[in-house]
Student: 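Here it is, the structure in full.
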Amino acid sequence: MVKHRGGCHCGRVRFEVTAPASLAVSDCNCSICSRSGYLHLMVPKSRFKLVSGDEFLTTYQFNTGTARHLFCSVCGVKSFYVPRSHPDGYSVNVRCLDEGTVAELTVTLTNGKEWESVYPQGHGEPLDV
Ligand SMILES: [Zn+2]
C-alpha cells in the first residue's frame, strides 16, 4: 500500500488515498462517466482523506440520487465522488492523481449503461478495508 495524492485542476480540492501502487481501476460507460472519461478507483472511506477544498465542492445528483457527484466549483473537475455502487466509500478519479506513485494501471470495463443488470443487488461487492 502506498499513499497517492491528487486533486482537481485548480488545486483547491486535494486528497490522499491509500491503495496499492499497482491499481485495478474501472472505465464505466454510463451517461456521466462516458462524458467525463472518469477512471474509477473504489476505496472504503477509511482509506480516503480530503486534505483541502471541502468548501469548494458542489454536488450534482440525478436518477436515483444515490451517487453524490462532487466537483470543484472553481475548475469543474470531479476528482472523487460517492458512487452509487459503493455509497459507503469513495471513487477516486485515477486521472486526477499526482504523478510518481502509480506503478501500473489495470483497466476493466464496467457496463454502467445497464447499471441494474450489473448490480442486481443494488450495490457492488464490499470494499477491502
Ligand atoms: Zn478546482
Side-chain angles (χ1 to χ4, degrees):
M1 289 283 189
V2 299
K3 191 174 283 184
H4 303 281
R5 292 181 174 82
C8 68
H9 185 264
C10 71
R12 287 174 172 83
V13 176
R14 294 289 300 166
F15 59 77
E16 295 174 349
V17 59
T18 303
S22 294
L23 297 174
V25 302
S26 68
D27 180 359
C28 176
N29 65 357
C30 84
S31 62
I32 191 162
C33 296
S34 61
R35 281 170 170 77
S36 60
Y38 198 101
L39 272 186
H40 301 257
L41 170 66
M42 302 289 186
V43 294
K45 283 203 166 123
S46 59
R47 290 207 265 126
F48 179 88
K49 183 183 167 197
L50 181 62
V51 175
S52 67
D54 188 43
E55 68 273 33
F56 293 104
L57 290 171
T58 297
T59 303
Y60 172 62
Q61 290 173 290
F62 65 98
N63 195 6
T64 66
T66 308
R68 294 175 53 234
H69 299 275
L70 303 166
F71 64 94
C72 173
S73 58
V74 176
C75 68
V77 167
K78 185 172 86 171
S79 53
F80 75 97
Y81 78 110
V82 179
R84 181 180 173 189
S85 65
H86 297 91
D88 54 342
Y90 287 110
S91 168
V92 169
N93 189 352
V94 168
R95 297 195 195 278
C96 293
L97 294 180
D98 296 349
E99 290 180 21
T101 54
V102 178
E104 192 181 10
L105 277 185
T106 305
V107 181
T108 304
L109 301 179
T110 297
N111 186 16
K113 195 182 275 187
E114 297 175 68
W115 204 94
E116 284 78 7
S117 62
V118 176
Y119 301 107
Q121 300 172 314
H123 54 80
E125 297 296 318
L127 297 166
D128 293 335
V129 176

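Quantities reported herein were computed from a predicted structural model and do not represent experimental measurements. Below, each value reflects all heavy atoms present in this structure, side chains not excepted, and no hydrogens, waters or symmetry copies.
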Student: Looking only at heavy atoms, which two atoms of A19 and L41 are closest? And how far apart?
Tutor: CB-CD2, 4.0 Å
Student: Which distance, rounded to the nearest 0.5 Å, do you find between the OH of Y38 and the OG of S26?
Tutor: 9.5 Å
Student: Would you indicate whether E125, at its atom CD, is surrounded by more than 12 heavy atoms from other residues, nucleotides or ligands within a distance under 6.0 Å?
Tutor: no
Student: Give the cluster check for F80 versus F71: same hydrophobic cluster or not, with ILVMFWY residues linked at side-chain heavy-atom distances below 4.5 Å.
Tutor: no
Student: Rounded to the nearest 0.5 Å, how far does CD of E104 lie from OG1 of T106?
Tutor: 5.0 Å
Student: What I'd like to find out is whether the side chain of R35 reaches to under 4.5 Å of the side chain of I32, using heavy atoms alone.
Tutor: no
Student: Which is it for D27 and T110 under the side chain to side chain contact (heavy atoms under 4.5 Å, CB included) test, yes or no, and what are the steps along the way?
Tutor: CA-CA 6 Å; D27 180 359; T110 297; over 6 Å; no
Student: Quick check for you: to the nearest 0.5 Å, what is the distance between R12 atom CZ and C75 atom SG?
Tutor: 8.0 Å
Student: Please examine the side chains of L97 and V102, heavy atoms only from C-beta on, and report whether any two atoms are closer than 4.5 Å.
Tutor: yes
Student: Going through the checks in order, is the salt bridge (Lys or Arg N to Asp or Glu O under 4.0 Å) test met by D98 and R14?
Tutor: CA-CA 10 Å; D98 296 349; R14 294 289 300 166; 2.7 Å; yes
Student: Please report the closest heavy-atom contact between R95 and G37, naming both atoms and the distance.
Tutor: NE-O, 2.6 Å
Student: Going by heavy atoms in the side chains, are V92 and F48 under 4.5 Å from each other?
Tutor: yes
Student: Who else is in the cluster with F56 when I, L, V, M, F, W and Y are joined by side-chain contacts under 4.5 Å?
Tutor: V74
Student: Are any non-hydrogen side-chain atoms of H69 and Q61 less than 4.5 angstrom apart?
Tutor: no
Student: Out of curiosity, L50 CG to E16 CD, how far, rounded to the nearest 0.5 Å?
Tutor: 10.0 Å
Student: With K49 as the cation and F15 as the aromatic partner, state whether NZ or CZ is under 6.0 Å from the six-membered ring centre and within 45° of the axis.
Tutor: no
Student: Can you tell if the side chain of S31 reaches within under 4.5 Å of the side chain of K113, non-hydrogen atoms only?
Tutor: no
Student: Contact between V77 and N93 at the side-chain level, heavy atoms closer than 4.5 Å - yes or no?
Tutor: no
Student: If I compare all heavy atoms of P83 with all of S91, which pair ends up nearest, and what's the gap?
Tutor: CD-N, 3.6 Å
Student: Are any non-hydrogen side-chain atoms of S85 and M42 less than 4.5 angstrom apart?
Tutor: yes
Student: Grab the two heavy atoms, one from V13 and one from S79, that are nearest each other, plus how far apart they are.
Tutor: CG1-OG, 3.8 Å
Student: Could you check whether any side-chain heavy atom of L39 comes within less than 4.5 Å of a side-chain heavy atom of V107, counting everything from C-beta outward?
Tutor: yes
Student: Under 3.5 Å, side chain of R84 to main-chain N/O of A67, donor-acceptor pair present?
Tutor: no
Student: Verify side chain to side chain contact (heavy atoms under 4.5 Å, CB included) between C28 and H40, making sure each step is shown before the conclusion.
Tutor: CA-CA 8 Å; C28 176; H40 301 257; 3.8 Å; yes
Student: Taking all heavy atoms of C72 and all of L57, pick out the closest pair and write down the distance.
Tutor: N-CD2, 4.4 Å
Student: Can you pull out every ring-ring contact (aromatic ring centres under 6.0 Å, His included) where at least one residue sits in residues 99-118? Sequence neighbours excluded, please.
Tutor: W115-Y119
Student: Tell me, with the steps shown, if L70 and T58 meet side chain to side chain contact (heavy atoms under 4.5 Å, CB included).
Tutor: CA-CA 5 Å; L70 303 166; T58 297; over 6 Å; no
Student: Would you confirm whether the ring centroid of Y81 sits within less than 6.0 angstrom of the ring centroid of Y60?
Tutor: no
